[in-house]
Each structure stands twice: as C-alpha cells, then as structure tokens.
Amino acid sequence: GEDVEQSLFLSVREGDSSVINCTYTDSSSTYLYWYKQEPGAGLQLLTYIFSNMDMKQDQRLTVLLNKKDKHLSLRIADTQTGDSAIYFCAESIAAGNKLTFGGGTRVLVKP
Amino acid sequence: GAVVSQHPSWVICKSGTSVKIECRSLDFQATTMFWYRQFPKQSLMLMATSNEGSKATYEQGVEKDKFLINHASLTLSTLTVTSAHPEDSSFYICSPWNGENTGELFFGEGSRLTVL
C-alpha cells in the first residue's frame with residue numbers, strides 16, 4: 001500500500017530557511033501536498049504540486065519534487081516564529097481521491 | 001481557499017451517548033466528503049468517503065454502524081459517533097471536494113471529541 005514518511009522534528013532559527021523532507025512509495029501519486037497544522041486547529045493547505053512538475057514556488061514557499069526518487073521537499077524562506085507548527089505532506093493518485101498523509105514534521109522556530 | 005466550517009469545535013460526552021459533528025462547505029458545493037480522524041500525536045487517517053445522496057464507503061477497520069455519515073446536501077455532511085466510548089476520543093476533520101480537477105483539497109477546522 002501507500003506509505004508516506006517524514007522526519008519527526010526540525011528546529012530552525014528565525015530568519016533562516018527551513019527544509020522539510022518527505023518520501024513516498026506510490027509511483028501512481030499524482031498530486032502531492034503540504035499542509036500546516038497549528039495546535040488544536042485543522043489543516044491549512046499551503047501548497048500542492050502536480051506530479052509532472054519539478055518545482056513550484058509561492059512567496060516564501062518552494063516545493064521540489066524528485067519523482068524518480070519519490071522525494072518531496074518544502075523550503076520555507078526567512079522562517080518566522082509564526083511558522084512553528086506541524087507540517088504534513090500527503091499524496092493522492094487523482095483529484096478527488098483520498099489523501100495519504102505522512103506522520104508530520106514538527107517545526108520549532110527559535111528567536 | 002475554500003471555507004469549510006465544522007461544528008462543534010470540541011465536545012465532551014459521557015460514554016454510551018451519541019455525538020453529531022457537522023461539516024459545511026460555505027462557498028462551494030461538495031459532491032464528495034472525506035472524513036478523517038487524528039489521534040493524539042498521530043497523523044490523519046481516512047475514515048470514510050461519501051458522495052452526495054449516496055451511502056458512504058468506509059475504510060477497513062471503521063465500523064459503519066458506529067460512525068454514521070449523512071451527506072444529504074451539497075453543502076452539509078454530518079458524522080454521528082454512536083454509543084461513544086473513550087477510545088473514540090479523537091480529532092475528527094472533514095474535507096469536502098467540489099468535483100473539479102484542480103487537485104485542491106481543503107479541510108475543516110476539526111472537532112475534538114472527548115468521551116469520559
């Protein structure tokens with residue numbers, strides 16, 4: 001079955017860049033997502049990338065996709081304290097299909 | 001992004017009672033609704049998928065008679081946890097899909113259920 005893996009924790013200093021990595025096993029993955037979850041809150045869609053793309057940039061966020069290695073990363077430039085949260089990567093084989101989530105990476109931004 | 005409203009945000013109930021959670025898509029029509037749950041310090045797991053006007057499809061290990069899903073309209077879906085037990089305590093989150101091929105999927109704010 002599908003499997004999505006993420007590192008558990010990342011600590012970064014305010015102003016530095018953060019890079020969160022994710023690997024997945026399903027070669028049929030078509031859409032790959034990054035969500036942010038703050039304590040006690042739901043999931044906020046940060047960005048997503050279609051599998052025929054290598055990179056997507058949206059303001060401070062850059063997503064890189066290596067389809068051959070099934071590796072996805074999220075880079076947050078100029079990390080702020082408000083970026084402290086849990087970040088989930090997820091994959092789907094088609095629009096409107098269920099998402100399979102990674103375990104989440106807790107990002108702690110230190111002043 | 002899309003506006004998805006869940007109610008209640010949190011609920012505490014006694015063991016054996018039933019709890020209903022509502023999910024509304026406020027600015028688009030949800031032809032499909034996904035219901036996920038998240039246990040403490042864990043990731044989200046899909047419970048069931050429902051299409052408007054049809055019976056829900058449940059994931060393996062999720063009891064359909066315990067978690068009743070109603071998706072009678074394009075803007076409202078409900079999840080009822082029947083005869084709740086402490087092990088049902090979790091964070092329940094809905095995710096509506098409008099049928100478009102954009103890939104975007106949004107989530108509600110979640111409903112935290114605590115069963116005493």
Side-chain angles (χ1 to χ4, degrees), chain A residues 1-9 20 22-24 26 28-53 56 58-59 61 63 65 72 85-106 108, chain B residues 1-10 21 23-24 28-52 56-62 90-114:
Chain A
E2 317 97 7
D3 194 23
V4 181
E5 300 281 341
Q6 297 178 241
S7 52
L8 286 176
F9 182 74
I20 309 168
C22 172
T23 58
Y24 59 98
D26 192 347
S28 301
S29 297
T30 302
Y31 292 98
L32 295 129
Y33 302 81
W34 284 105
Y35 287 90
K36 176 183 179 183
Q37 185 179 38
E38 299 187 61
L43 269 67
Q44 175 192 352
L45 176 62
L46 290 177
T47 186
Y48 68 100
I49 189 168
F50 192 58
S51 60
N52 67 353
M53 299 169 65
K56 182 177 181 181
D58 183 2
Q59 299 182 338
L61 305 179
V63 178
L65 174 61
L72 181 75
I86 299 177
Y87 291 79
F88 290 96
C89 71
E91 64 87 21
S92 172
I93 62 170
N97 263 53
K98 70 170 187 177
L99 298 188
T100 299
F101 285 86
T105 299
R106 182 178 295 276
L108 177 63
Chain B
V3 180
V4 184
S5 175
Q6 268 186 252
H7 178 81
S9 301
W10 59 269
I21 298 169
C23 177
R24 295 179 186 273
F28 69 97
Q29 295 185 325
T31 55
T32 300
M33 185 68 75
F34 300 98
W35 283 96
Y36 292 82
R37 65 181 167 187
Q38 184 183 30
F39 291 109
K41 299 192 186 307
Q42 294 188 26
S43 189
L44 283 80
M45 296 296 289
L46 181 69
M47 296 176 66
T49 305
S50 70
N51 294 308
E52 185 258 340
T57 302
Y58 291 81
E59 295 297 297
Q60 194 171 13
V62 179
S90 187
F91 194 55
Y92 294 87
I93 313 178
C94 64
S95 177
W97 181 54
N98 61 4
E100 294 187 4
N101 203 29
T102 63
E104 285 185 319
L105 275 176
F106 299 97
F107 284 79
E109 311 102 322
S111 299
R112 183 165 301 282
L113 170 64
T114 301

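Computed from a predicted structure; not experimentally measured. Quick note on labels: first sequence line is chain A, next is B, and so on, each numbered from 1.
With a 4.5 angstrom heavy-atom cutoff, B:Thr102 touches chain A via backbone and side-chain atoms both. When heavy atoms are compared at a cutoff of 4.5 Å, A:Leu43 approaches chain B by way of both its backbone and its side chain. Contacts of A:Tyr33 with chain B are made by side-chain atoms alone, with heavy-atom separations under 4.5 Å and no backbone atom involved. For A:Leu99, the parts lying near chain B are the backbone and the side chain together; criterion is any non-hydrogen pair under 4.5 Å. Of the atoms belonging to B:Leu44, heavy atoms from both backbone and side chain fall under 4.5 Å from chain A. Of the two parts of B:Glu59, only the side chain, counted from C-beta on, holds a non-hydrogen atom closer than 4.5 Å to a non-hydrogen atom of chain A.
You'll find the side chain of B:Met47 stays beyond 4.5 Å of the side chain of B:Tyr36, heavy atoms only. Annotation: side chain of B:Arg37 is in contact with side chain of B:Val62 (closest heavy-atom distance under 4.5 Å). Proximity of B:Ser95 to B:Met33: side-chain heavy atoms (C-beta onward) are nowhere separated by under 4.5 Å. The closest side-chain heavy-atom distance from A:Phe88 to B:Ser43 is below 4.5 Å.
Note on ring orientation: taking the six-membered ring where Trp is involved, the planes of A:Tyr35 and A:Phe101 are tilted (angle from 30° to 60°).
Of the listed residues B:Leu105, B:Val4, B:Leu46, the one with more heavy-atom pairs under 4.5 angstrom with chain A than any other is B:Leu105. Of the listed residues (A:Gly102, A:Ala90, A:Ala94), the greatest number of heavy-atom pairs within a distance under 4.5 Å of chain B belongs to A:Gly102. Contact tally against chain A (heavy-atom pairs below 4.5 Å) for B:Gln38, B:Lys41, B:Gln6: the top residue is B:Gln38.
A pairwise comparison of heavy atoms in A:Gly103 and A:Gln6 identifies N-OE1, 3.7 Å as the closest pair.
Note: A:Met53 CE to A:Tyr31 OH = 11.0 Å, rounded to the nearest 0.5 Å.
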